[in-house]
Amino acid sequence: MTPTATVLLVFGRGVVAGDDGYRLTAESVARTEAAVAYVRAHAEEFRRAPGARVVFTGGWPHGPAGAPGFREGELMRALAREAGLDAYARSAAETRSRTTLQNLAHTVQDGLLGAAEFTARRPLGLVTHPWHLPRVRLLAARVLGLSGPALADVPVTAPEPVPARRERAVRALSRLGYLGVRTPEASLRRERALSRAADRIGRLTPRR
């Protein structure tokens, strides 16, 4: 029997601008709904677990700072609470990140996972689309030191076009680029270094 993950980490998939501000993409909505459905399906376990919680991750993708209330994590959390999440578990929002690695690192730095120790019997649940899960697991091993059964996949069943070629490339870069990284702080430093290197290469590459 697969253990229930009573701490969930939900990964955003962007926001889009509308006439009345920013709103979640359909993919972010699907991930939020998947988290709420999982909690409802395991309502008793969530009610009994003292540290049960759902953490929604994602900052403002259009700049270093966005108006409060328009960040991915905040919007997903608000949607989940409207759907009745508060009846089953506490929730929190990580709102500083702009990448998957930052989702993980900032969640730890902000203390949003609490004091939970994740094991095969008490795994951390990862809520995202199936194509994204392998990279999330790879980065979770680097940033959180968690792998295998200490992580539980909570895949989103709503359809989404799979960015297969791009995702394979990003996953390969993550596998190589974050070798030796063992802490959130080290992972963020490595990400900044990789970003600077990519910018330099971009400036040196002639445009056609």
Taking the side chain as every heavy atom from C-beta outward, state whether [X] and [Y] have any atom pair closer than 4.5 Å.
X	Y	result
Phe118	Leu151	no
Leu79	Phe56	no
Leu144	Leu124	yes
Arg48	Thr6	no
Leu8	Tyr38	yes

Open item on the list: Which residues pass the salt bridge (Lys or Arg N to Asp or Glu O under 4.0 Å) test with Arg40, not counting sequence neighbours?
Closed with: none
Open item on the list: Can you list everything that forms a salt bridge (Lys or Arg N to Asp or Glu O under 4.0 Å) with Arg13? Sequence neighbours excluded, please.
Closed with: Glu160
- [ ] Identify which one of Glu27, Glu72, Met76 satisfies the side chain to side chain contact (heavy atoms under 4.5 Å, CB included) criterion when paired with Thr32.
- [x] Met76
[X] side chain to [Y] backbone, donor-acceptor under 3.5 Å:
X	Y	result
Thr95	Gly73	no
Arg135	Arg168	no
Arg121	Pro3	no

Task: Joint hydrophobic cluster, Phe46 plus Val127, side-chain heavy atoms closer than 4.5 Å - done: yes
Open item on the list: Same cluster or not: Val170 versus Leu188, using hydrophobic residues (I, L, V, M, F, W, Y) connected whenever any side-chain heavy atoms lie under 4.5 Å apart?
Closed with: no
Task: Residues forming a side chain to side chain donor-acceptor pair (under 3.5 Å) with Arg77, sequence neighbours excluded - done: Ser91
TODO: Could you grab the distance from atom CG of Asp110 to atom CD of Glu94, nearest 0.5 Å is fine?
DONE: 6.0 Å
Task: Separation of Arg137 CZ from Thr128 OG1 (nearest 0.5 Å) - done: 12.5 Å
- [ ] Check the side chains of Ser97 and His106 for a donor-acceptor pair under 3.5 angstrom, ignoring hydrogens and angles.
- [x] no
Task: Heavy-atom pair of closest approach, residues Thr57 and Leu9 - done: CG2-CD1, 3.5 Å
Side chain to side chain contact (heavy atoms under 4.5 Å, CB included) against [X], all qualifying residues, sequence neighbours excluded:
X	value
Ala43	Arg47, Tyr88
Pro184	Ala105, Val108, Gln109, Val143
Arg182	Arg142

TODO: Kindly assign one of parallel, tilted or perpendicular to the pair Trp131 and His129, based on the angle between their ring planes and the thresholds 30° and 60°.
DONE: parallel
Open item on the list: Check this for me: Glu185, atom CD, are more than 12 non-hydrogen atoms of other residues, nucleotides or ligands nearer than 6.0 Å?
Closed with: yes
